[in-house]
Amino acid sequence: MAYDYEYFKKAVLDLTKIDLDAYKEKQMKRRIDTLIAKNKITGYDNYVAALKKDNRLFEEFVNYLTINVSEFYRNPEQWQIMDREIIPDLIKRFGKNLKIWSAACSTGDEPYSLVMALSKHLPLNQIKIYATDLDKQVIAKAKTGLYVEKSIAGVPDEFKKKYFTKVGPSYQISNEIKARVEFKEHNLLKDAYPTDYHLIVCRNVLIYFTEEAKDEVFRKFQKSLKSGGFLFIGSTEQIINHREIGFERRNSFFYEKP
């Protein structure tokens, strides 16, 4: 019997450990149907069989599924709040050895932006960012640190000159910035969360999740933070029940754990 989408979701969970039930179904199904058609495969059962045999197809599928859209200093006005208020507050509260997690970090734009933002307040050798993503392909790209001009458009000029080198049409981020970030694979919906963080950054990822999955992730982030720590979310997101979860809203995109 041919797979319907319900069976397909179970097969994907077995193959990739990605739980499609946590994603908005209409949106995700449309993306997957487009990818299957692009590969000229008929039906979910044939596509699952192809994923099991063809490593290239499998990697393409995971990469496509995890929706990697990222850029440096995305929404610059929010990074200004980070620079003026959040980082000084964190240093005042916790000192200079801050524990910072960039969750669902995609191609590295965000954790590298964090290093540069922190470098205005701390020496580089005191900065360490823990950066995670579900997709090992984007982690590999992040470690390479090569970006198109559009990706780095938001980087302040002082940092562009100091930390990027033009390589053909692309821009290579410096090793001194790369050295401050540790990349690991992590599934927000399945894996255990690290603890005792002062700042967690997770932006424009949870918009693809169901309300139940979002709620679960926000609650886990709250537990991962130390009291006095902050969660920084994306401009397309909000935590409607933030008080119930245990957050105080500092402003639209920064939530504090009292």
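Along the sequence shown, residues carry numbers from 1. Bear in mind that the values here come from a model prediction, so they are computed numbers and not experimental data.
- Aromatic ring centres of W79 and F253: separated by at least 6.0 Å.
- Within 6.0 Å of NZ on K141 lie no more than 12 heavy atoms contributed by other residues, nucleotides or ligands.
- Using a 4.5 Å heavy-atom cutoff, the side chains of I233 and L206 are not in contact.
- Between the side chain of D45 and the backbone N or O of V48, no donor-acceptor pair lies under 3.5 Å.
- Closest approach of K99 to D196, counting heavy atoms only: CD-O, 3.3 Å.
- The CD atom of E244 sits 11.5 Å away from the CD atom of Q222 when rounded to the nearest 0.5 Å.
- Side-chain atoms of E237 come within 3.5 Å of backbone atoms of V205 as a donor-acceptor pair (strictly under, hydrogens ignored).
- A salt bridge is defined here as a Lys NZ or Arg NE, NH1 or NH2 lying under 4.0 Å from an Asp or Glu carboxylate O, and K257 with E248 fails to meet this definition.
- The distance between the ring centers of Y44 and F8 falls below 6.0 angstrom.
- Here CD1 of I245 is found 11.0 Å from CD of E216. Values are rounded to the nearest 0.5 Å.
- Electrostatic pairing of D215 and R219 counts as a salt bridge here, judged by a charged N lying under 4.0 Å from a carboxylate O.
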Practice task
Show your working on salt bridge (Lys or Arg N to Asp or Glu O under 4.0 Å) between E256 and R249 and close with a plain yes or no.
Solution key: CA-CA 6 Å; E256 183 178 351; R249 192 171 178 173; over 6 Å; no
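- Relative orientation of the F254 and F232 rings is parallel, given thresholds of 30° and 60° on the angle between their planes.
- Side-chain contact between V155 and Y163 is absent, with no heavy atoms from C-beta onward closer than 4.5 Å.
- Within a 6.0 Å radius of CD in E149, no more than 12 heavy atoms belonging to other residues, nucleotides or ligands are found.
- Counting only distance, with no hydrogens or angles, the side chain of H186 and the backbone of A104 share no donor-acceptor pair below 3.5 Å.
- Side-chain atoms of T132 never come within 3.5 Å of backbone atoms of K184 as a donor-acceptor pair (strictly under, hydrogens ignored).
- Considering every non-hydrogen atom in both L188 and K220, the closest pair reads O-NZ, 4.4 Å.
- Residues L15 and K52 meet the side-chain proximity criterion, which asks for heavy atoms closer than 4.5 Å.
- The closest side-chain heavy-atom distance from Y193 to V217 is below 4.5 Å.
- No side-chain donor-acceptor contact under 3.5 Å links T107 to the backbone of A142.
- Between the CG atom in L90 and the NE2 atom in H198 there is a gap of 8.0 Å [rounded to 0.5 Å].
- Not one N or O on the side chain of Q126 forms a donor-acceptor pair closer than 3.5 Å with the backbone of N97.
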Handout entry: Worked check of side chain to side chain contact (heavy atoms under 4.5 Å, CB included) between I177 and L124
Key = CA-CA 8 Å; I177 297 293; L124 269 181; 4.0 Å; yes
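- Taking all atoms of both residues into account, the shortest heavy-atom contact from Y73 to A117 is OH-N, 3.3 Å.
- Residue K26 places its NZ atom among 12 or fewer non-hydrogen atoms of other residues, nucleotides or ligands, all under 6.0 Å distant.
- With a 4.5 Å cut-off on side-chain heavy atoms, E60 and N39 count as touching.
- When ring centroids are compared, F72 and F159 stay outside the 6.0 Å threshold.
- Atom CG of residue N46 and atom NZ of residue K40 lie 15.5 Å apart, to the nearest 0.5 angstrom.
- Counting heavy atoms from C-beta outward, R203 and Q78 have side chains that approach closer than 4.5 Å.
- Across all non-hydrogen atoms, the minimal contact from E71 to D109 is CA-OD2, 3.2 Å.
- A 4.5 Å side-chain heavy-atom check between L122 and I91 finds at least one atom pair inside the cut-off.
- In this structure, CH2 in W101 is found 5.0 Å from CZ in F221, a value given to the nearest 0.5 Å.
- For the ring pair (Phe, Tyr, Trp, His ring centres under 6.0 Å) test, no residue two or more places apart in sequence or in another chain qualifies with F218.
- By the rule that hydrophobic residues join a cluster once side-chain heavy atoms approach within less than 4.5 Å of another member, F164 and L146 end up as members of separate clusters.
- Heavy-atom contacts from other residues, nucleotides or ligands closer than 6.0 Å to CZ of R243 number 12 or fewer.
- Nearest heavy-atom pair, S102 versus I129, reported as atom, atom and distance to 0.1 Å: CB-CG2, 4.2 Å.
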Problem - Pair L199-L114, side chain to side chain contact (heavy atoms under 4.5 Å, CB included): steps then yes or no - result: CA-CA 10 Å; L199 174 65; L114 281 165; 4.2 Å; yes
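- No donor-acceptor pair under 3.5 Å is formed between the side chain of D54 and the backbone N or O of A50.
- The pair E85-R250 meets the salt-bridge criterion, since a charged nitrogen lies less than 4.0 angstrom from a carboxylate oxygen.
- Between the CD atom of E182 and the NZ atom of K143 there is a distance of 9.0 Å, given to the nearest 0.5 Å.
- L20 has its side chain within reach of I32: a pair of non-hydrogen atoms, C-beta onward, lies under 4.5 Å apart.
- In terms of modelled atom types and a separation under 3.5 Å, the side chain of R93 and the main chain of G228 share a donor-acceptor contact.
- Hydrophobic cluster membership is shared by I41 and Y5, with clusters built from Ile, Leu, Val, Met, Phe, Trp and Tyr side chains linked at under 4.5 angstrom.
- A distance-only check finds a donor-acceptor pair linking the side chain of D133 to the backbone of S106 [under 3.5 Å].
- For the pair I239 and Y255, the tightest heavy-atom approach, listed with the atom from each and the gap, is N-OH, 3.2 Å.
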